[in-house]
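Basis for what follows: all heavy atoms, side chains included, without hydrogens, waters or symmetry-related copies. In what follows, chains are A, B, ... by sequence order, proteins preceding strands, each numbered from 1.
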Amino acid sequence: MDRFEAVCAVCAPCLHEGRTQHILPRNLKNESEVISEGNHESSNSSGAREQRSCGAVRGPSKKFRVWTGSGHKEKIMKLKHWIKIAVFAAITIGVLLYASNLLRVANEKDAVGIYGFYQEPEDSLDVVLIGSSYMYTYFYSPLAYEQYGLTSYALASSTMTAPLYRYAAEIAIEKQHPQLLVFETGSFCYDIQQDEVSLRKFLDALPDSEIRTRAINDIVPEDLKSSFLFPFEKYHSSWNRIGECLQVAQDKADIRGKGYSITKNYATTPQYISYSRQTRKYNISEEGFKYLEILLDYLKEADIDNVLFVRFPDMYNYDVQDSYTKMIDMIREAGFDFVNLAGAIDDIGIDMNKDFYNNSHLNIFGAQKFTPFFTDYIMKRYDISTDHSPETDAEWEDCASYNDQIIANMEYLTENKAGGYLYTQRDFLADYIGIGEAS
Amino acid sequence: MTLTSLTFFGFVAASLIVYYIVPKKWRYLVLLAASLAFYGIVCFKYFPFIIFTALSTWAGALWLDKVAKDRKALLKEHKAEWDSEQKKKFKHSTIIRRRWILALVLVLNFGILAVLKYYNFLAEWFGNIINMQLPMVGLLLPLGISFYTFQSMGYIIDVYWEKTPAEKNIARFGLFATFFPQIIQGPIAIYSELAGQLYEGHDLSYENIKYGAQLIFWGLFKKMVIADRLAVVFNTLFPVRNSLSNAYSLLLLVVYMVQLYMDFSGGIDIARGVGCMFGINMAENFRRPFFSKSISEFWRRWHISLGKWLKTYLFYPMAVSKAFLRLGTWISKRGKKPSEEIPDDSIWGGFTFAQHLGRVLPGCIGTLITFFIVGMWHGANWRYAGYGLWNGIIILISMILEPVFKWLLRKLRIRVDTAGWRVFQMIRTAILVVLSVVFDIADNLADGISMIGKCFTPVLGPTTHLGTEVSTGIEAADWIVVITGLLIVFAVSLYQEKTGKHIRESLSRQPLWIQWTLGIGCVVVVAILGMYGPGVASGEFVYMQF
């Protein structure tokens, strides 16, 4: 039953708004007993509340509550409401966190490659290779295992800059305690070391952790920090490449399902280019030295014995500057090793007209030559034990079992200059399986 | 700290917590502290201006009140001794005194607004006339000066008219003048409608929080998902506007108008949502303006609070002034007296033209002056005057020719009670409104007029006049978002227009899972599709500059 009379004779605001109704409980004599001025819209079904045009609602007066005898019920209702708000907020936050993780893809390949590193069983890797795309296009880890029994992983992202090395090393040590850490030195030559895209490819591929937060606070430019700390600020706009994000999520799910990555972050493009050597200066900037020094200090502090800095060969003819010699001196003075493989092209057996898919990256033919050469170098120089647990061996043998198929497919596609983009595990194991053999 | 920033919502959350923790009688002080803190954070440099307006208005109102009370007391005291002539004389002297007080406060405050907003423009304009370089002042406009000045001046006029008593408590009035959700872009509140709610300590209520949050997210949707995307299109097309084909010129105008509506109404929804969370019902500023069937109706639905302010404090006093009424009577008498009675269905609706003109002219002149001020309120440039006058002249023509239009409709046997006719009226109004924004975006008045002309040049195609393709600055996927967003806004508006209800009222009657799915969906849509983050120029509201 409606508890309210429907006559409003004196309320100026109601008249002003052209309203004819005003709330007034029947057994109360005047409106001041229920509400004071300013409330004048319509009653809701319970009659205990009054709603304003914006939706703002004012609770009933004490007198009204006494009149209805609903104090206790109201308390329960209030509690229910606050529980509702809390549950709603929790679900919303959950959905947003899921969306945030889904959309956080700076680079498809790096996101999956670094995720794969985190999925590797702890302390199962003998060697961790840290650096830019040189690492994952030159070194095919399952092949190194097949031929030498060495377990390794390229903790690398494309155009990885020097400031990230120190944190990548920390992650590698914390997760794997490898017997050898390998760093590629090309990254010290980059002019801009705090390039946003390069930083994002690595940092935004890392799971949220104390190391990631520290890295952001230490090396990310001030104006970008908030979007690194709260990546959703940046990646919410990735909705228009949702297909790519879903593919990354699928790739991660595949790795998670298997428990490890089959190709260990190896990637290449099925393409080859003819030799056209160009000259480049090999110069290290002050920034490069600064981050080299930070890395060396960290490695000394962490008491890591086996560290190898390496320069990989590519198509460029380098005009070596003094800074290059200074870099080598610094590395050696810190007690670590440096090897320049740029001059070892003939020893490795690289065919300059067939083994590169662009000026700085090897294709499958090149990787098949470089991987055993470099593994052999490592095995001879360092006393690395390849005794692994049966679980580790089982995992790696499974990975190596795909080698023949993958290599055959990639060789076939490379011969045919399929080209295009960077092929990763998804491509190696998808439609192309068997094509090489069939041909 | 703009209305769409996380900092702002953190600020609101902190203010809400403190507001509902302190005892009710002190709650208005929390709002005052929050408002002053907000203004200080956003615009500390110009803090003295808003403080001056608040203090001068408060003191002026008290002075006006005191004079009125003294007058009453003295009249009562000398009721027996004074004859009517003496009483009249005394009343007149107090009226003059009160008028001077009001004028002083108005001149001081509108003077500040005029100097800061219009001095450079007027100096340049006047300098050109007298062929002399007048000195310029290098002042920026304090945030929200047009809004808080109009709001405060409305209050003092109400006190002068004795429609509202003067507020004695400086803290209370200070809150009315500086209330933070509305300081950036309104709505411009009327004292009697807002002040009571501000001073009252409201109970924490689930419904207020829920409705407030709904309004905020609806506002964020309009602003961040639609308006900020269209801002990119506008910023892409605007610099090349002179070489655009007419199709793109029209697109530029439509985009700007829609952006303006989504931006402004979105901002107002956010402000009202915040107010709602404090239990405060702020005035509506938009009532689905694109359903208007005429320009005058459009202005009753668009920026309602400015229209209401100008109607109350400028148009009505002017239209009913003796001078205007005398003018109307004078014109009516100029016409030739008809020899016989004119039928009601005649071309001028039962009057001679002079009689008709005499009836409508005071209103027409008032309308023209009001719209000139509406235009100039938007900015210091003749193109804004053009914007106001465009609207004013259309209304003036429709007022004068109203009987002729009615006569024509009768003669042509056009039925005006059909949906088709209403839709035609809406489209016609929308076209006139879209064309009006030419003055808002053109470089000057002449440029604006030439842009309107260009829109009707019969060259179509997505190219410039130079033949090169023009990018709209956003991708196809963004256009899909914009169009879908606008369809949602249209559907909601249509529902409100047809039923007269808020969508949230219907929503609250739905099963919980529907409410939650829509609620979570809205939050997620804003979070994902909203334009914000590094490299995105977002958060600024178009109306902040006014």
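Using a 4.5 Å cut-off between heavy atoms, B:Ile480 does not touch chain A at all. Heavy atoms closer than 4.5 Å to chain A are found nowhere in B:Gln214, neither backbone nor side chain. Proximity to chain B (any heavy atom under 4.5 Å) is shown, for A:Tyr235, by neither the backbone nor the side chain.
Of all residues spanning residues 208-217 of chain A, none has a heavy atom less than 4.5 Å away from chain B's heavy atoms.
Looking only at side-chain heavy atoms (C-beta outward), A:Phe232 and B:Ile528 come within less than 4.5 Å of each other. Side chains of B:Leu512 and A:Phe88 form no contact here, defined as non-hydrogen atoms less than 4.5 Å apart. At least one side-chain heavy atom of B:Glu207 sits less than 4.5 Å from a side-chain heavy atom of A:His81. Annotation: side chain of B:Val524 is not in contact with side chain of A:Tyr98 (no heavy-atom distance under 4.5 Å). B:Trp516 places a side-chain heavy atom less than 4.5 Å from the side chain of A:Lys84. Between A:Glu233 and B:Leu6 there is no side-chain heavy-atom pair separated by less than 4.5 Å.
Applying the ring pair (Phe, Tyr, Trp, His ring centres under 6.0 Å) criterion to B:Trp479, with sequence neighbours excluded, gives no partner residue.
More than 12 heavy atoms of other shown residues, nucleotides or ligands fall within 6.0 angstrom of atom CZ in B:Arg288. Counting heavy atoms of neighbouring residues, nucleotides and ligands inside a 6.0 Å radius, atom NZ of A:Lys80 does not exceed 12 of them.
Here the straight-line distance linking atom CD1 of A:Ile91 with atom CD1 of B:Ile520 works out to 5.0 Å at 0.5 Å rounding.
The choice from B:Gly212, B:Ala477, B:Ala283, B:Ala213 that makes the most heavy-atom pairs within less than 4.5 Å of chain A is B:Ala477.
In terms of modelled atom types and a separation under 3.5 Å, the side chain of A:His236 and the main chain of B:Gly533 share no donor-acceptor contact.
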